[in-house]
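Single-structure report; data block below.
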Protein chains: 2
Amino acid sequence: MGLTKTNLFTDKQNEFADVAKVLGHPARIAILQHLAKMNTCICNHLVTELGLAQPTISQHLRELKQIGLIKGSIEGTSICYCIEPIVWEHYKKLFAEFFETLTPINNNNCGPDCC
Amino acid sequence: MGLTKTNLFTDKQNEFADVAKVLGHPARIAILQHLAKMNTCICNHLVTELGLAQPTISQHLRELKQIGLIKGSIEGTSICYCIEPIVWEHYKKLFAEFFETLTPINNNNCGPDCC
DNA sequence: ATCATTCATCGTAATATTGCAATAAATAGA
DNA sequence: TCTATTTATTGCAATATTACGATGAATGAT
């Protein structure tokens with residue numbers, strides 16, 4: 001059906017999955033890395049840098065904006081995109097917690113050849 | 001086109017995105033949480049627990065297996081799925097590094113109303 | 001051997017994602 | 001005003017994802 005049944009899951013699970021999904025494309029990772037490196041950035045730079053068409057980059061930027069990870073402010077004819085530090089920290093913690101709290105105990109209580 | 005242009009990006013960017021993509025579905029997050037909590041788990045438990053059909057769960061489990069995050073061993077008629085601790089640690093570091101190295105400096109060098 | 005249980009796979013429908021050409025909107029400069 | 005530049009939006013084609021019913025494979029029990 002192509003439609004995720006979000007109602008079956010908790011808000012936290014859905015939020016985490018939404019963020020992970022946005023991070024689940026190499027172009028968006030490359031955009032974030034470029035933004036962090038430059039600390040000043042406009043969309044057109046990304047087009048020449050990444051090799052994707054301008055509408056495609058714009059679309060990826062919109063998805064990063066939707067989860068609040070980046071912010072754009074108008075600078076003349078171009079737009080300055082930056083990482084939003086507070087949201088960045090929030091997601092950083094979210095992922096750290098996720099990996100921390102789920103760390104497997106691995107006490108091998110399920111069978112001789114298991115785990 | 002629906003086809004990611006992976007050739008434009010580095011192996012690291014693609015690997016990170018692949019893992020994030022697998023984590024980008026609430027059902028798979030719920031599965032991982034359940035696996036961690038139980039430390040012993042079979043697929044059928046997940047079906048009743050999550051409310052998705054058995055083939056759907058099986059499909060999600062396969063995706064988690066594909067990135068090495070979980071492992072299944074046969075236990076009679078059922079299968080014992082567990083988190084793979086080494087891979088788990090690897091991805092934990094991967095995400096920690098990602099959020100660490102990209103932490104924004106935010107020196108506001110792009111304009112008065114920017115960032 | 002037969003049957004029940006458990007999980008995987010196949011096939012399929014509905015929806016989402018990716019990417020781009022064409023176009024629109026907005027601003028700066030001549 | 002007209003033009004060039006930059007980014008957003010629209011529309012579309014190709015592919016991917018999500019979900020499930022039907023079926024298959026494997027094991028344990030009767």
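Reminder, nothing fancy here: chain letters follow the sequence lines and each chain counts from 1.
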Calculate the interatomic distance between [X] atom [atom1] and [N] atom [atom2]; express it in whole Å.
X	N	atom1	atom2	result
B/Glu63	D/dT17	CD	P	7 Å
A/Asn44	D/dT6	CG	P	5 Å
B/Gln66	C/dT9	CD	P	10 Å
A/Ile57	C/dT17	CD1	P	18 Å
B/Leu46	C/dA8	CG	C1'	15 Å
A/Leu61	D/dT6	CG	P	15 Å
B/Leu50	D/dT18	CG	P	14 Å

Phosphate contact ([N] OP1 or OP2) by [X] side-chain N/O below 4.0 Å:
X	N	value
A/Tyr81	D/dT6	no
A/Arg62	D/dT7	no
B/His60	D/dT17	no
A/His45	D/dT6	no

*asked:* Going by side-chain hydrogen bond (donor to acceptor under 3.5 Å, both in side chains), name the pairs with one or both residues in residues 11-24 of chain A, residues two or more places apart or in two chains.
replied: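 Residue pairs with at least one partner in residues 11-24 of chain A: A/Thr10-A/Gln13, A/Gln13-B/Gln33, A/Glu15-A/His90.
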
*Within residues 16-23 of chain B, residues whose heavy atoms come under 4.0 Å of DNA chain D*: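 Only B/Lys21 qualify.
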
Report yes or no: does [X] contribute a side-chain atom to a donor-acceptor pair with the main-chain N or O of [Y] at less than 3.5 Å?
X	Y	answer
B/Trp88	B/Leu69	no
A/Thr101	A/Glu97	yes
A/Arg28	A/Val22	yes
A/Tyr91	A/Ala20	no

_Applying a 4.0 Å non-hydrogen cut-off, can you work out what B/Ser78 is touching in the nucleic acid: base, sugar-phosphate, or nothing?_
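The answer is sugar-phosphate, as B/Ser78 gets under 4.0 Å only of primed atoms, P, OP1 or OP2.
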
*How would nucleotides 20-30 of chain C be written as a contact map, 5' to 3', with B for base contact, S for sugar-phosphate-only contact and - for no contact, using protein heavy atoms under 4.0 Å?*
BBB----BS--

_Pairs touching residues 38-66 of chain A that satisfy ring-ring contact (aromatic ring centres under 6.0 Å, His included), sequence neighbours left out_ =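 Non-adjacent pairs meeting ring-ring contact (aromatic ring centres under 6.0 Å, His included): A/His25-A/His60.
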
_By side-chain hydrogen bond (donor to acceptor under 3.5 Å, both in side chains) - contacts of A/Gln54 (at least two apart)_ =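 With neighbours one apart ignored, the set is empty.
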
_So, using side-chain hydrogen bond (donor to acceptor under 3.5 Å, both in side chains) as the criterion, who are the partners of B/Lys93 when residues are at least two apart?_
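Not a single residue meets the side-chain hydrogen bond (donor to acceptor under 3.5 Å, both in side chains) criterion with B/Lys93.
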
*Closest nucleotide of DNA chain D for B/Ala27 versus for A/Ile42: which of these residues is on the 5' side?*
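By nearest-heavy-atom nucleotide position, the 5'-most residue is A/Ile42.
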
*Show your reasoning for whether ring pair (Phe, Tyr, Trp, His ring centres under 6.0 Å) applies to A/Phe16 and A/Phe95.*
CA-CA 8 Å; A/Phe16 186 89; A/Phe95 275 81; 4.4 Å; yes

